[in-house]
There are 2 protein chains.
Amino acid sequence: MTSTAVGARRAPRRDAEENRTALLDAATTALGSDPDASLEAIAAAAGLSRRAIYGHFATRDDLVAASVERGALRLAAATADVDRDDARVALALLGARLWDAVEQVRVLASLAVRGPSLAVVGAALAPVRSRLLSIVTAGAASGTIRDDIPAASLSRLIEQAAIAVLVEATESGFSRDDGHRLVMLIALSTAGLSAREANELIEATPELHHPLPEDAAL
Amino acid sequence: MTSTAVGARRAPRRDAEENRTALLDAATTALGSDPDASLEAIAAAAGLSRRAIYGHFATRDDLVAASVERGALRLAAATADVDRDDARVALALLGARLWDAVEQVRVLASLAVRGPSLAVVGAALAPVRSRLLSIVTAGAASGTIRDDIPAASLSRLIEQAAIAVLVEATESGFSRDDGHRLVMLIALSTAGLSAREANELIEATPELHHPLPEDAAL
DNA sequence: AATAACTTGCACAGCGGTGTGCAAGTTATT
DNA sequence: AATAACTTGCACACCGCTGTGCAAGTTATT
């Protein structure tokens, strides 16, 4: 007997949590391409009925919030270890890691545009954004990153450029390696490096050749 | 007597067309910040009742289509004369002209993301996009623009970067001159120039100092 | 095998939005 | 001043979506 209290209900069933994550997965991809995806569509993609959603999430907003938070957590985890002495390398690495979390980036980007979800996304993304900002600031101070644009603005521009690359790379069917390279190139270019400099930096930095993350699970 | 045919209705009233363009203006700004803006909201912004819209546009889709088409026309007009021998100058000029048509860019960008309006926008934007693509292609051929990224992809990335700049510049309250400079810098950076090179090019090219367009009306 | 957890399907109310008809009012034009 | 153009306000039907209640079914757990 594993129950704890007197009126104790039996432990929640294992498949229930599986369904919950299936819903989150479905919501992530669905909302990633259409922030107004209906619960009907999401449930279908998860192989469940619309009615079943309400067994896991009280309201639609709860579902999207949960999806956003999980995405932000994964994103933070994927980019946790990118700090380097050379801000340019750190930036490239950060970009590369995004490529391995495209799904998450897509939802967040999609929901960050419009409506009330904006606030939720903003809060959830705060850590990642501050990491980027500090890289940019450090680079500007040490002269490795441009300083002709205010750091705050520049980091937002890099963020948007990176998102654009991810969309472009997935829709154009780039390979994993090409995707990595492209997102690094654009991040570096936006940061002020010339195309030549960006390519040389990547070439000269072994760590950037195949920037596989250490498979951090969550 | 100005009437033409027998059962001729009297000529349409002058204020009717004023209201029509007021509606298009309102739709442009409203849809620019929320692609799902209600007709109620748009009508209110135009100083009319929702019911009055149907005197000018049969359906909501008609209104957005008209708004898109007018925006694309203005955009094309604003960027019609940017071709130059130096592809980098042409690109910078193109970016600068966008700054003077922010409203139009905003609607188009906002509607280009999601839903059925995507097709309409795509068609309407075709000329501007092909202008950009040919600049990029020419620049890559003559060695003034990067060739490490396929021209088609690169031009889409520049487009997205430019949009990001416009949003950033307006939301951060940049001055007109700062806005011009910022959008030129980012376009050039994405095209492969270093921050230094971009600034020097702008410095060395008088035409880019105060790129006021010749007030093309439409 | 018994039980509770979970899913399903249906029905229903509610909400916000669109599109339409019509009568009454206002306003530019002749 | 007469007339047609235009706007308004209200009514209504319709649509897709959300959220809820409930009864019946299925499935993991003990």
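Each chain gets a letter, A, B and so on, in the order its sequence line appears, and its residues count up from 1.
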What is the base-pairing partner of C:dG25, counting Watson-Crick and G-U wobble geometry with both distances under 3.5 Å?
->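 Here C:dG25 is engaged in a pair, and the nucleotide opposite it is D:dC6.
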Under a 3.5 Å cut-off for both distances, is D:dG19 Watson-Crick or wobble paired, and to whom?
->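 Here D:dG19 is engaged in a pair, and the nucleotide opposite it is C:dC12.
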So, are [X] and [Y] salt-bridged, with charged N and O less than 4.0 Å apart?
{"X": "B:Asp15", "Y": "B:Arg20", "value": "no"}
{"X": "B:Asp81", "Y": "B:Arg97", "value": "yes"}
{"X": "B:Arg74", "Y": "B:Asp100", "value": "no"}

Out of B:Leu132, B:Ile145, B:Leu133, which one pairs with B:Leu154 under the side chain to side chain contact (heavy atoms under 4.5 Å, CB included) rule?
-> B:Ile145
Looking at B:Thr29, B:Ile42, B:Leu108, B:Val107, which one forms a side chain to side chain contact (heavy atoms under 4.5 Å, CB included) with B:Ser67?
->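 One option only clears the test, and that one is B:Val107.
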Whole Å only: how far is the [atom1] atom of [X] from the [atom2] atom of [N]?
{"X": "A:Asp62", "N": "D:dG19", "atom1": "CG", "atom2": "C1'", "value": "12 Å"}
{"X": "B:Leu63", "N": "C:dG17", "atom1": "CG", "atom2": "P", "value": "15 Å"}
{"X": "B:Leu39", "N": "D:dC14", "atom1": "CG", "atom2": "P", "value": "20 Å"}
{"X": "A:Glu40", "N": "D:dG19", "atom1": "CD", "atom2": "C1'", "value": "14 Å"}
{"X": "A:Glu18", "N": "C:dA5", "atom1": "CD", "atom2": "C1'", "value": "14 Å"}
{"X": "A:Asp34", "N": "D:dC17", "atom1": "CG", "atom2": "P", "value": "10 Å"}
{"X": "B:Asp36", "N": "C:dT18", "atom1": "CG", "atom2": "C1'", "value": "13 Å"}

What does nucleotides 6-14 of chain C look like as a protein-contact string, B for base, S for sugar-phosphate only, - for none, at under 4.0 angstrom between heavy atoms?
-> SSBBB----
To the nearest 0.5 angstrom, please state how far the CG atom of B:Asp177 sits from the CG atom of B:Leu182.
-> 12.5 Å
Please check the phosphate of C:dA5 (OP1 and OP2 only) for any side-chain N or O of A:Arg10 closer than 4.0 Å.
-> no
